[in-house]
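Remarks on the structure that follows.
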Amino acid sequence: RKEVEQDPGPFNVPEGATVAFNCTYSNSASQSFFWYRQDCRKEPKLLMSVYSSGNEDGRFTAQLNRASQYISLLIRDSKLSDSATYLCVAGPSENYDMRFGAGTRLTVKP
Amino acid sequence: EAGVAQSPRYKIIEKRQSVAFWCNPISGHATLYWYQQILGQGPKLLIQFQNNGVVDDSQLPKDRFSAERLKGVDSTLKIQPAKLEDSAVYLCASSLGTGKADTQYFGPGTRLTVL
């Protein structure tokens, strides 16, 4: 079983749509969680951290469910510029440092 | 503020050859990471340095991969000998402190093709 698993995607949505990504992690001792964004042939960049109480940054909302060991990312009012791959990251724990999921590809179409 | 620098940006070699990648982290960043990202997959941590000491190299294939961080600043990652399955983008990242939850800033990566 992979340490961090994400929706396989791809997600193809129209502009203005709301889209949600889920991610599960296997190590219950993981302490920190993040969503990174990676554009095609570019490096990953931090989108947002995920806090236990949930957090929002503009059109983006991240939530953490420790009991079920999953993280979610909600994007409202999708823009063309949101097209990218979204990487879920969990860690660290006493066993390992940050672990990335394989990513979910999002394409927003006009 | 300058970002993480990596070179070369692209490298094509034949299997069994050797190759080295260089990374210059953001000034003042104590922690440096090397990741391997195979097409269609997420980044896989190869090695993590804290200053010039190794913190985590559990996923580094030590029979062919080596890395060092001289003086706690620049770092090099070497593959010797390369295999076809080493074709990937090698990403270097750095973070400010020694806290494991620090934001990681990635360099542009080195795209390696092994023929």
Side-chain angles (χ1 to χ4, degrees), chain A residues 1-10 21-27 29-52 55 57 62 64 71 73 84-106, chain B residues 1-7 9-10 21 23-26 29-50 53-60 88-113:
Chain A
R1 182 184 174 188
K2 293 182 180 178
E3 291 160 328
V4 178
E5 295 198 65
Q6 297 187 235
D7 286 345
F21 305 140
N22 291 322
C23 166
T24 58
Y25 59 95
S26 61
N27 192 322
S30 296
Q31 297 293 322
S32 305
F33 308 91
F34 306 88
W35 284 100
Y36 276 72
R37 170 193 169 128
Q38 187 171 27
D39 292 295
C40 187
R41 302 180 76 86
K42 299 287 188 179
E43 70 273 21
K45 292 184 179 179
L46 180 67
L47 178 65
M48 59 196 303
S49 302
V50 185
Y51 303 124
S52 297
N55 49 299
D57 182 3
L64 168 64
I71 309 150
L73 176 68
T85 295
Y86 290 83
L87 298 162
C88 172
V89 187
S93 73
E94 60 184 19
N95 299 321
Y96 60 80
D97 204 87
M98 299 296 185
R99 291 293 185 263
F100 282 75
T104 299
R105 185 172 177 180
L106 170 67
Chain B
E1 179 182 84
V4 177
Q6 290 188 246
S7 68
R9 292 295 308 277
Y10 305 91
F21 313 128
C23 173
N24 186 8
I26 293 173
H29 278 197
T31 307
L32 184 148
Y33 312 78
W34 281 103
Y35 288 89
Q36 178 193 58
Q37 187 172 25
I38 294 172
L39 187 64
Q41 298 181 19
K44 171 187 168 183
L45 179 68
L46 294 175
I47 189 167
Q48 177 188 348
F49 292 95
Q50 184 171 303
V54 175
V55 174
D56 182 358
D57 63 356
S58 57
Q59 299 191 104
L60 185 74
V89 175
Y90 290 84
L91 295 162
C92 179
S94 69
S95 62
L96 181 60
T98 56
K100 286 191 168 184
D102 287 342
T103 297
Q104 296 183 33
Y105 298 88
F106 285 83
T110 296
R111 187 174 298 273
L112 174 67
T113 301

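Small disclaimer: the values here were computed from a predicted structure and weren't measured. Chain naming here is simple, since letters A, B, ... match the order of the sequence lines and numbering starts at 1 in each. Worth knowing before you read on, the calculation uses all heavy atoms, side chains too, and leaves out hydrogens, waters and symmetry mates.
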Taken in chain and number order and not counting sequence neighbours, the residues that satisfy salt bridge (Lys or Arg N to Asp or Glu O under 4.0 Å) with Asp7(A) are none
So, the part of Arg105(A) with a heavy atom under 4.5 Å from chain B: the answer is neither
Separation between CE (Met98(A)) and OH (Tyr33(B)), nearest 0.5 Å, reads 6.0 Å
Inset, instruction - Check step by step if side chain to side chain contact (heavy atoms under 4.5 Å, CB included) holds for Leu45(B) and Arg99(A). - result: CA-CA 7 Å; Leu45(B) 179 68; Arg99(A) 291 293 185 263; 3.9 Å; yes
With chain A, the option among Gly40(B), Ala93(B), Gly109(B), Pro108(B) that has the most non-hydrogen atom pairs under 4.5 Å is Pro108(B)
Interatomic distance, CE@Met48(A) vs OG1@Thr103(B), rounded to 0.5 Å, equals 12.0 Å
Heavy atoms of Gly42(B) and Leu87(A) approach each other most closely as CA-CD2, 4.2 Å
Discussion item. Could you walk me through whether Gln104(B) and Tyr36(A) satisfy the side chain to side chain contact (heavy atoms under 4.5 Å, CB included) test, starting with their C-alpha distance in whole Å, then the side-chain angles of each, then the deciding distance to 0.1 Å, before giving a yes or no?
Written reply: CA-CA 10 Å; Gln104(B) 296 183 33; Tyr36(A) 276 72; 3.6 Å; yes
Whatever's closer than 4.5 Å to a heavy atom in chain A on Tyr105(B) counts as neither
The interface call for Gln6(A) against chain B, heavy-atom contacts under 4.5 Å, is neither
